[in-house]
Each structure stands twice: as C-alpha cells, then as structure tokens.
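Structure, as structure tokens:
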Amino acid sequence: MRNISHHSSRLTLAISLLLALAPGASAGTVTDNASKWGLIGRWSQDCSLPPDRNRGTVQSYVIVRGDRLVHRRNFGDDKDENEVVGAEISPDGMLNLRVFFPSLNQTRGFGLMKQPDGGMRAMYNRSQQGEYTIKDGKFTANGNPTPSQYRCS
C-alpha cells in the first residue's frame, strides 16, 4: 500500500510540474482565442483576385452557431469547410490551430504569425504523426518561404 501511495504522490507531483512548466498559452475557448488574435474573417495572398488554387485562394475563419470555429477554403474550382478544434496563442504571439480535415481523415496543426504589414504567415503545418509540409516558415518540399496572406474586406 505504501508503494502505491508513493507512486501516486510522484505522479501528482509530475503532473503539477508539467502544468506549471508548460509553455504559457492562452486558456480561452477556440473562438475566444481566434477572435482575440484577429483571425476571424477572410484572408488571401491577393484579395483583388478571384478565388483560385494559386494566389487567389481565399481562406475564411468563421464562427458558426455561436461557439464553433470553421475554416473555409475557396480554391475557385473547389471549396471545403473544416472545423477548428483547437486554438491557442503562444507567448511569442503565434496562433496555434488544430483543424480537423474530414477529407484527409486527420487533424493537422498549424501556426500563424502576424506580420508587421498586417498580414499573417503560416510558420508550420504538420500532421498528427509529425510530418511537416511547412516548417520554420518554409515549405518542406522546396524551401521557399510561405507567402503572407492579408485580410479581405
């Protein structure tokens, strides 16, 4: 019995330490954090272009039914809507999202960073298995930096 109590105390201490040392992230709801960060709305590399798969892709972050955040993508020839299941703001100002993509049957994590010119850039995009398509603000396929996206009116 004494051994179980000792392990239980150690486990409680370990959990407490992990919570205390975890990187400070905002503790609001998904919609609260996205709103606070300034994500809600339509975004594109070039808002003057019609939606297409290149520079005209329009991404929208919309609160639906008062408490759900959805990520809508308009590629011109195709559209989809995916639920944002997590949103936390890191101490460095990065918005860390987790989005469930039913078409891929997976949740992807990505981080967005505000830019001095009012735009935002994707700094990472990874699968649940840790496979990156964007890492350190660059596409893993070719090393090019991710483009800025700007809020559309």
Side-chain angles (χ1 to χ4, degrees), residues 14-153:
I15 291 171
S16 297
L17 283 172
L18 283 174
L19 291 174
L21 297 175
S26 58
T29 67
V30 169
T31 55
D32 289 343
N33 288 339
S35 296
K36 178 180 174 182
W37 192 84
L39 182 67
I40 307 304
R42 296 172 59 235
W43 297 82
S44 181
Q45 288 179 52
D46 186 341
C47 297
S48 69
L49 297 175
D52 70 12
R53 286 208 175 263
N54 296 308
R55 294 178 47 93
T57 299
V58 177
Q59 300 192 58
S60 302
Y61 297 88
V62 181
I63 298 173
V64 295
R65 290 189 284 284
D67 62 346
R68 287 181 51 238
L69 180 63
V70 295
H71 174 213
R72 294 178 178 154
R73 300 183 300 177
N74 184 345
F75 301 105
D77 61 345
D78 193 20
K79 297 178 185 178
D80 67 9
E81 179 175 297
N82 308 287
E83 185 160 0
V84 179
V85 296
E88 297 175 344
I89 304 169
S90 297
D92 64 358
M94 186 178 302
L95 180 62
N96 301 282
L97 299 176
R98 288 185 320 282
V99 180
F100 177 66
F101 292 89
S103 63
L104 303 173
N105 195 30
Q106 69 174 269
T107 299
R108 295 195 65 84
F110 53 97
L112 303 172
M113 209 50 162
K114 291 181 183 176
Q115 301 300 294
D117 64 359
M120 69 173 177
R121 280 187 57 217
M123 301 309 292
Y124 70 87
N125 185 320
R126 68 176 173 246
S127 70
Q128 290 172 290
Q129 294 75 32
E131 298 160 343
Y132 285 84
T133 55
I134 297 170
K135 189 171 184 176
D136 300 324
K138 297 177 182 176
F139 292 103
T140 57
N142 58 20
N144 291 338
T146 58
S148 288
Q149 296 178 21
Y150 300 91
R151 185 182 305 279
C152 303
S153 50

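What's counted below: heavy atoms across the whole structure, side chains too, no hydrogens, waters or symmetry copies.
The closest side-chain heavy-atom distance from D80 to N74 is not below 4.5 Å. Here the side chains of S90 and N96 are in contact, with some heavy-atom distance below 4.5 Å. Within the 4.5 Å cutoff, the side chain of F75 has no heavy atoms near those of the V58 side chain. Using a 4.5 Å cut-off on side-chain heavy atoms (C-beta onward), Q45 and Y150 make no contact. Side-chain contact between R98 and V85 is present, with heavy atoms from C-beta onward closer than 4.5 Å. For the pair M123 and M94, the minimum side-chain heavy-atom distance is below 4.5 Å. Using a 4.5 Å heavy-atom cutoff, the side chains of T140 and I134 are not in contact.
Summarising the geometry, atom CG belonging to L69 is positioned 7.0 Å from atom OG1 belonging to T31; distances are rounded to the nearest 0.5 Å. Note that the CG atom of N125 and the CD atom of E131 stand 11.5 Å from one another [nearest 0.5 Å]. Within the model, atoms OG of S127 and CZ of F101 stand 12.0 Å from one another, a figure rounded to the nearest 0.5 Å. For the atom pair OH of Y124 and CG of D136, the computed distance is 11.5 Å after rounding to the nearest 0.5 Å. Expressed to the nearest 0.5 Å, how far CG of D32 lies from CH2 of W37 amounts to 16.0 Å. Between atom CG of residue L112 and atom CD of residue Q149 there is a gap of 7.5 Å, rounded to the nearest 0.5 Å.
Across all their heavy atoms, L95 and A87 have their closest contact at CD1-CB, 4.3 Å. Taking both residues in full, the closest heavy atoms of K36 and I89 are given as CD-CD1, 4.1 Å, listed atom of the first, atom of the second, then distance. When every heavy atom of N82 is checked against every heavy atom of F100, the shortest pair comes out as CB-O, 3.2 Å. The two residues A122 and T146 have their closest heavy-atom pair at O-OG1, 2.8 Å. In plain terms, the two heavy atoms of P147 and R121 that are nearest each other are O-CG, 3.8 Å. Across all their heavy atoms, N33 and E88 have their closest contact at ND2-CA, 4.0 Å.
Here disulfide bond (SG atoms under 2.5 Å apart) pairs that include residues 116-153, with residues two or more places apart or in two chains, are C47-C152. Annotation: disulfide bond (SG atoms under 2.5 Å apart) contacts involving residues 82-128, sequence neighbours excluded, are absent.
No more than 12 heavy atoms of other residues, nucleotides or ligands sit less than 6.0 Å from atom NZ of K138.
Side-chain atoms of R42 come within 3.5 Å of backbone atoms of S153 as a donor-acceptor pair (strictly under, hydrogens ignored).
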- Given S35 and I63, is the side-chain contact (heavy atoms from CB on, under 4.5 Å) satisfied, shown in steps? CA-CA 9 Å; S35 296; I63 298 173; 3.7 Å; yes
- Item | Audit row: V64, R72, side-chain contact (heavy atoms from CB on, under 4.5 Å) steps and yes/no | CA-CA 11 Å; V64 295; R72 294 178 178 154; 3.7 Å; yes
- Task: Apply side-chain contact (heavy atoms from CB on, under 4.5 Å) to the pair D92 and M113, showing each step before the final yes or no.
- Result: CA-CA 9 Å; D92 64 358; M113 209 50 162; 4.1 Å; yes
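Look at R73 and D78 and you find no salt bridge, because none of the NZ, NE, NH1 or NH2 atoms lies under 4.0 Å from a carboxylate O. Salt bridge E83/R68: present, at least one basic N to carboxylate O contact under 4.0 Å. The pair D77-R53 counts as a salt bridge, with a side-chain nitrogen and a carboxylate oxygen less than 4.0 angstrom apart.
Residues D46 and S48 have side chains that bring a donor and an acceptor to within less than 3.5 angstrom of each other.
Aromatic ring orientation, H71 versus F110: tilted (interplanar angle from 30° to 60°).
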